[in-house]
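Taking it in order: structure first as structure tokens, then the write-up.
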Amino acid sequence: TDAAGSEGLKLDVIQLDVDDSDSSERAVKEVVQKAGQIDVLINNAGIGGYEGAVEETPEGVLRAVFETNFFGAMRLIRLVLPGMRQRISGAIVNLSSVGGRIALADMGAFAASKFALEAMSEVLAQEVRRFNIRVAIIEPGLIDVPKPEEETWEPDSNSPYMEFTHRRIRIYAKALENPTPPERVAETIRHALETDRPKLRYLVGEDAKTWVSARQRMTDEAWVDLGREMTDEEFATSYRTYFGREI
């Protein structure tokens, strides 16, 4: 709202909890009542910060991550689609992540929710093509934005999988030395909405492009083999070999 004010733009803020069906429905109805219709939906709500091995991730954490990252987006999509379909016009932008393309050890809950969001987005894009509704998936790498304090669940320090946590921290720390600014994500969303040559997926940031490109060149077996026991130096060498980046 501060940024909008500095630009002299009028911005109406409507309270919305994407985890709550009633809240989502009320918000959409209020927008339609005020503006007449919804032309663009940008599903930006998401949570992370729940890293940990699959064996050790509590079911409640899995459900919470999926509730926001997947079901929250689906809830709003279903609410806006009837109007867009009737007008034969509209756009839906889903904020995913490079984690929606790469499933990295220690990030099962987050990656699974984003993989699910991307799969549903791909299906949706086919289904609404005939109604002239554009669907875009935005896939940022590491963006330097503050995390809410409640996103703090971490695995036990005595976990037999703790090595993967240390590896992720090293990868993230190196990437955040030169992070992609959040403005780049906004610019990409605007391009996805306005371009005459729309794509389904848009990677944002050099780290995202590097990781996805490298993963596409690797076999599944080579990817799985990164989970073998290695010293920090051995992992750094493997990471450099595959991704061309230092950690």
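Residues take their numbers from the sequence shown, with the count starting at 1.
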Flag if over 12 foreign heavy atoms under 6.0 Å of CZ, Arg63: no
CA sep, side-chain torsions, deciding dist, call: Arg168, Glu163, salt bridge (Lys or Arg N to Asp or Glu O under 4.0 Å): CA-CA 9 Å; Arg168 169 181 52 80; Glu163 181 180 344; over 6 Å; no
From CD1 (Ile138) to CD1 (Ile42), nearest 0.5 Å: 8.5 Å
NZ on Lys114 to CG on Asn94, rounded to 0.5 Å: 8.5 Å
Single-linkage hydrophobic cluster Phe115~Leu203, side-chain heavy atoms < 4.5 angstrom: no
Pairing residues for Ser213 by the side chain to side chain donor-acceptor pair (under 3.5 Å) criterion, not counting sequence neighbours: Arg217
Same apolar cluster (I L V M F W Y, side chains within < 4.5 Å links), Ile14/Val40: no
Glu139 and its salt bridge (Lys or Arg N to Asp or Glu O under 4.0 Å) partner, picked from Lys209, Arg201, Lys199: Arg201
In one Ile/Leu/Val/Met/Phe/Trp/Tyr side-chain cluster, 4.5 Å: Tyr172, Phe235: yes
Rounded distance (nearest 0.5 Å) linking atom CG of Asp207 with atom CG of Leu176: 8.5 Å
Note, Arg134 side chain near Val128 side chain (heavy atom, < 4.5 Å): no
Arg130 atom CZ: more than 12 heavy-atom contacts under 6.0 Å: no
Close side-chain approach of Arg170 and Arg167, heavy atoms under 4.5 Å: no
Ser113, Ser97, Ser96 screened by side chain to side chain donor-acceptor pair (under 3.5 Å) with Asn69, the one that passes: Ser113
Residue pair Leu76 / Val18: nearest heavy atoms and the distance that separates them: CD1-CG1, 3.8 Å
Which atom pairs, one a donor and one an acceptor, fall under 3.5 Å between side chains of residues 78-90 and the rest of the protein, sequence neighbours left out?
residue : atom : partner : partner atom : Å
Arg87   : NH1  : Gly83   : O            : 3.2
Arg87   : NH2  : Ile38   : O            : 2.5

Hphob cluster co-occupancy, Ile247 + Trp211, side-chain heavy atoms under 4.5 angstrom: yes
Value rounded to 0.5 Å, distance of CZ in Arg184 from CD1 in Ile189: 13.5 Å
Cluster check Val224, Met218: I/L/V/M/F/W/Y, side chain < 4.5 angstrom: no
N/O donor-acceptor pair under 3.5 Å between Gln126 side chain and Val123 backbone: no
Gln15 side chain reached by Ser23 side chain, heavy atoms, under 4.5 Å: no
Test log, rule side chain to side chain contact (heavy atoms under 4.5 Å, CB included), inputs Thr210 and Arg245: CA-CA 9 Å; Thr210 296; Arg245 300 171 74 92; 3.6 Å; yes
Neighbour count above 12 (heavy atom, 6.0 Å) for Asp39 CG: yes
Close side-chain approach of Val212 and Gln216, heavy atoms under 4.5 Å: yes
pair Ile47-Phe110: side-chain heavy atoms closer than 4.5 Å: no
Non-hydrogen side-chain atoms of Arg75 and Glu67 separated by less than 4.5 Å: yes
Heavy-atom pair with the smallest gap, counting every atom of Ala111 and Ile102: CB-O, 4.2 Å
His191 vs Tyr202, side chain to side chain contact (heavy atoms under 4.5 Å, CB included): CA-CA, chis, key distance, verdict: CA-CA 10 Å; His191 171 74; Tyr202 295 85; 3.7 Å; yes
Phe70 side, atom CZ; Met120 side, atom CE - distance, nearest 0.5 Å: 3.5 Å
Other ILVMFWY residues reachable from Phe164 by side-chain steps of under 4.5 Å: Tyr161
Euclidean distance, Leu117 CG relative to Phe66 CZ, rounded to 0.5 Å: 10.0 Å
Other residues, nucleotides, ligands: >12 heavy atoms within 6.0 Å of Glu229 CD: no
Side-chain donor-acceptor contact under 3.5 Å, Glu206 with Thr180: no
Exercise: identify the closest heavy-atom pair between Phe243 and Ala214: CD2-CB, 3.4 Å
Minimal non-hydrogen separation, Arg215 against Thr219, with atom names: NH1-O, 3.9 Å
Member of Gln33, Arg26, Lys34 meeting the side chain to side chain donor-acceptor pair (under 3.5 Å) criterion with Glu30: Lys34
Closest non-hydrogen atom pair between Val98 and Gly141, with its separation: CG1-CA, 4.1 Å
Shortest non-hydrogen contact from Leu95 toward Pro140: CD1-CG, 4.4 Å
Trace of the side chain to side chain contact (heavy atoms under 4.5 Å, CB included) decision for Val93 with Leu193: CA-CA 8 Å; Val93 179; Leu193 291 171; 3.7 Å; yes
Worked check of side chain to side chain contact (heavy atoms under 4.5 Å, CB included) between Val54 and Glu56: CA-CA 5 Å; Val54 171; Glu56 300 174 341; over 6 Å; no
